[in-house]
J.: 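The structure is given below, and queries will be raised subsequently.
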Amino acid sequence: MRRSSVWRWLALAVWIAAVPVLASQNGAKTSPTFIRQAPFLQGTFARIPRGAASPYAPQLAARVDEFLAGAEPTAEGLAQYLAPMQLIRIAVPSAPGNGHQAVGATIAKRLRELGFKGQFEILYDGLIKDKLDLTLPGFDPEGPYKQSLPVLGARTLAVKNGTLMDLPKADLGISASNGFMSGQLRAETELRVGPYAWEFPTVTSGANGVTKHFPELHDYLFSFAPPRPSNVEKFLSESLSGSTRLREKIGGLQALERHRQRVELLPAYGLSDVGDEGKVGALLKAVSAAQDLAGDFFRSGVVIPFFSYLNGDSLERLQASLLTSSISERVKMVSVRDAGAVESALSALAPGQILLLRVGGVSQDVFEYFFSRQTLPGTMAGANGQNLMRVLGLPFLLTVDKETEGLKEISRRLPDPERSLLEEAGRVLRGDSADAQPLARFLLEGRNPDSTISRAFAAAKPSELKHDKLAVLLALAARLRRQAEKKAAGFWSSLRL
């Protein structure tokens, strides 16, 4: 027997021996979808700090444009890739804030937009159960481990305790951070992808076990469509009624919606310092100065839905600072939980006045909705918050110094006077300058959709699939699978020679 024939028969024997293992890994696809608690989700994969170079880059990183040449993401191609899938597993590790939960929900909603019609299984860390109702409306932190949730377009969405080893094989597994090692999600293909500018995404092809790292996608945005409900009051009720702590905010937010079109709306998030010289005080003084500069330009008073939390001490300090402030007669503060007081305050709001509406946490959809309806530039913090505002294409300011990288692309699009104004306004908001005028002027520029500043923010909005982080990763995964299938076909052809 020729030596080449011996090697072909040996390869065939190895392949036949591997078939039972492959079959046991694939398993039968299952319905309904499951969301399971996994207490050990942190994993052992070393996290890569934001801004750091990937230690794998020299060996494994591939330039996205070169790798995708001739196979760029298209709506039709992505829909065809997702159509046969019956089960997608999304893992949400624990995090100090809401970042991983938020990006996990964003990924799920975007998959629906791109054409996935199967079931979701959300695998969550028990440490974050008290925060899941913000991204999965109806989830009960004190409820059973198995819960049916009519969200994300799924027919059945359940939560239960379990381990990764008892999970069925999924068509696609996605970790909403680098908290998993390759192979941990038990999926044909696995993606690891964190929030905007957070970690370097990876794609692992189950066909050949190859993992490719794509540091070039680090600063890509997640594109998605913010909520556009036809009946907003119904939308608010459905989005918040499933949670005990959110349910009491429905009436106040519905009142805000009824008055929204006659007031100026400035949504605020990321404002943690509440002293007279803190971020809230700086914002209120700037709004008051903008009202003086605008004259009759503002259609009514300004409402600031305040989505940050205020504990007892912070609230007392803010109230005390307002009593002694030069703008104390202009500002009124009301809790969204008191629907009657909100309705009265909104009805009485006149030009030149400011209503600080204490809202706190809400569901992700409600949060996105009110920011999409701003008439004055909102304040934002966090990677997912930056992603939202960039997708909306609306002017905003960041409240945290270390996160201002997200505004550099917009700043580069501006001529010098406007660029300086953007930078000075940010310093005022972050407490580095006591002069409220730059922030006041920025608010007025951001209110005008035809201003140079507004046009720069709008131009930075991602408009093509090739700029969408998830779409590109799916296209990369599809290409890796095609390459593996082509290689396998070549192997079988060689055996027939």
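As the structure is a computational prediction, the values presented were derived from the model and not from experiment.
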J.: Distance from L476 atom CG to E72 atom CD, nearest 0.5 Å?
T.: 10.5 Å
J.: I want to check something: taking the side chain as every heavy atom from C-beta on, are D468 and P73 in contact at a cut-off of under 4.5 Å?
T.: no
J.: Yes or no on side chain to side chain contact (heavy atoms under 4.5 Å, CB included) for F457 and L394, after CA distance, side-chain angles and deciding distance?
T.: CA-CA 6 Å; F457 278 89; L394 297 175; over 6 Å; no
J.: To the nearest 0.5 angstrom, please state how far the NZ atom of K249 sits from the CG atom of L240.
T.: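 Taking NZ in K249 and CG in L240, the distance rounds to 8.5 Å.
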J.: If only atom types and distance count, is the side chain of D171 paired as donor or acceptor with the main-chain N or O of I88 below 3.5 Å?
T.: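 No.
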J.: Within the supplied structure, the quantity of interest is the number of heavy atoms (other residues, nucleotides, ligands) at a distance under 6.0 Å from F224 CZ; does it exceed 12?
T.: yes
J.: Less than 4.5 Å apart, side chain to side chain, heavy atoms only: is that true for V359 and P305?
T.: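 The answer is yes; the side chains approach within 4.5 Å.
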J.: Taking the side chain as C-beta and beyond, is there a heavy-atom pair between I107 and R110 under 4.5 Å?
T.: no
J.: We want to know whether T106 and Q364 form a side-chain donor-acceptor pair, criterion being a heavy-atom distance below 3.5 angstrom.
T.: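 Their side chains do contain a donor-acceptor pair, which is all the 3.5 Å distance test asks for.
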J.: Mind listing the closest non-hydrogen atom pair of P377 and L266 along with its distance?
T.: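 Shortest heavy-atom contact: O-CG, 3.4 Å.
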J.: Within a strict 4.5 Å, meaning less than it, do heavy atoms of the L123 and I90 side chains meet?
T.: no
J.: Is the shortest heavy-atom distance from the side chain of S223 to the side chain of H467 under 4.5 Å?
T.: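 S223 vs H467: side chains apart.
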J.: Taking all atoms of both residues into account, what is the closest heavy-atom pair of F442 and A425, and its distance?
T.: CB-CB, 3.7 Å
J.: Decide side chain to side chain contact (heavy atoms under 4.5 Å, CB included) for N387 and V103; before the verdict, give the C-alpha distance in whole Å, the side-chain angles of both, and the deciding distance to 0.1 Å.
T.: CA-CA 10 Å; N387 193 113; V103 77; over 6 Å; no
J.: Do any N or O atoms from the side chain of T189 and from the backbone of L172 form a donor-acceptor pair under 3.5 angstrom?
T.: no
J.: Between K109 and D365, is there a salt bridge with N-O shorter than 4.0 Å?
T.: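 Here D365 pairs with K109 in a salt bridge, since their nearest N and O are under 4.0 Å apart.
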J.: Tell me, with the steps shown, if L246 and V366 meet side chain to side chain contact (heavy atoms under 4.5 Å, CB included).
T.: CA-CA 11 Å; L246 302 182; V366 171; over 6 Å; no
J.: Just so I know, are the side chains of L78 and L465 near enough to count as touching, which here means a heavy-atom distance under 4.5 Å?
T.: yes
J.: How long is the span from the CE atom in M389 to the OG1 atom in T379, to the nearest 0.5 Å?
T.: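 That separation rounds to 9.0 Å.
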J.: Could you tell me which residues satisfy side chain to side chain contact (heavy atoms under 4.5 Å, CB included) with E445, sequence neighbours excluded, listed by chain and number?
T.: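 Counting only residues at least two positions away or on another chain, E445 forms a side chain to side chain contact (heavy atoms under 4.5 Å, CB included) with L421, S451, I453.
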J.: Let me see the working for Q101 and T135 under side chain to side chain contact (heavy atoms under 4.5 Å, CB included), right down to the final yes or no.
T.: CA-CA 7 Å; Q101 301 91 272; T135 50; 3.8 Å; yes
J.: Tell me if a side-chain donor or acceptor on S237 pairs with a main-chain N or O of E233 at a distance below 3.5 Å.
T.: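 Such a contact is absent between S237 side chain and E233 backbone.
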J.: Are the side chain of T202 and the backbone of H213 linked by a donor-acceptor contact shorter than 3.5 Å?
T.: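 No; judged by distance alone, with no hydrogens or angles, the pair does not exist.
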J.: I'd like to know if R390 and E409 make a salt bridge, using a cut-off of under 4.0 Å between side-chain N and carboxylate O.
T.: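 A salt bridge links R390 with E409.
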J.: Mind listing the closest non-hydrogen atom pair of L185 and S175 along with its distance?
T.: CD1-N, 3.7 Å
J.: How are the rings of F370 and F307 set relative to one another: parallel (under 30°), tilted (30 to 60°) or perpendicular (over 60°)?
T.: tilted
J.: Can any side-chain N or O of R192 pair as donor or acceptor with the backbone N or O of A176 at less than 3.5 Å?
T.: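 Side chain of R192 to backbone of A176, a donor-acceptor pair under 3.5 Å: no, none is there.
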J.: Is it true that atom CD of E76 has more than 12 heavy atoms of other residues, nucleotides or ligands lying nearer than 6.0 Å?
T.: no
J.: For the pair T399 (side chain) and G270 (backbone), establish whether a donor and an acceptor sit closer than 3.5 Å, ignoring hydrogens and angles.
T.: yes
J.: Kindly state whether the ring of F371 and the ring of F396 have centres lying under 6.0 angstrom apart.
T.: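 No, too far apart.
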J.: Does a side-chain heavy-atom distance below 4.5 Å link K469 with L221?
T.: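 In short, these two side chains do not touch, never coming nearer than 4.5 Å.
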J.: Measure the CG-CG distance between L398 and L429 for me, rounded to the nearest 0.5 Å.
T.: 9.0 Å
J.: Can E418 and R413 be counted as an ion pair, charged N to O under 4.0 angstrom?
T.: no
J.: Rounded to the nearest 0.5 Å, how far does NZ of K408 lie from CD1 of I410?
T.: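 The distance works out to 12.5 Å.
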J.: Using modelled atom types only, decide if a donor and an acceptor are shared between the side chain of R373 and the backbone of L265 within a distance under 3.5 Å.
T.: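 Flag not set: sc R373 to bb L265 has no pair under 3.5 Å.
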J.: Do the side chain of R419 and the main chain of L414 share a donor and acceptor less than 3.5 angstrom apart?
T.: yes
J.: Within a strict 4.5 Å, meaning less than it, do heavy atoms of the I174 and E190 side chains meet?
T.: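 Contact flag for I174/E190 side chains = no.
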J.: Quick check: closest heavy atoms across A381 and V400, and the distance to 0.1 Å?
T.: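 Of all heavy-atom pairs spanning A381 and V400, the closest is CB-CG2, 4.2 Å.
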J.: Locate the shortest heavy-atom distance separating L376 from L443; write the atom from each residue and the value.
T.: CD2-O, 3.7 Å
J.: Looking only at heavy atoms, what is the nearest atom pair of E368 and P227, with distance?
T.: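 Here E368 and P227 meet closest at OE1-CD, 3.6 Å.
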J.: So, does R112 use its side chain to make a donor-acceptor pair with the main chain of F116 at under 3.5 Å?
T.: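 Answer holds: yes.
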J.: Mark yes or no for whether S239, through its side chain, and F235, through its backbone, hold a donor-acceptor pair below 3.5 Å.
T.: yes
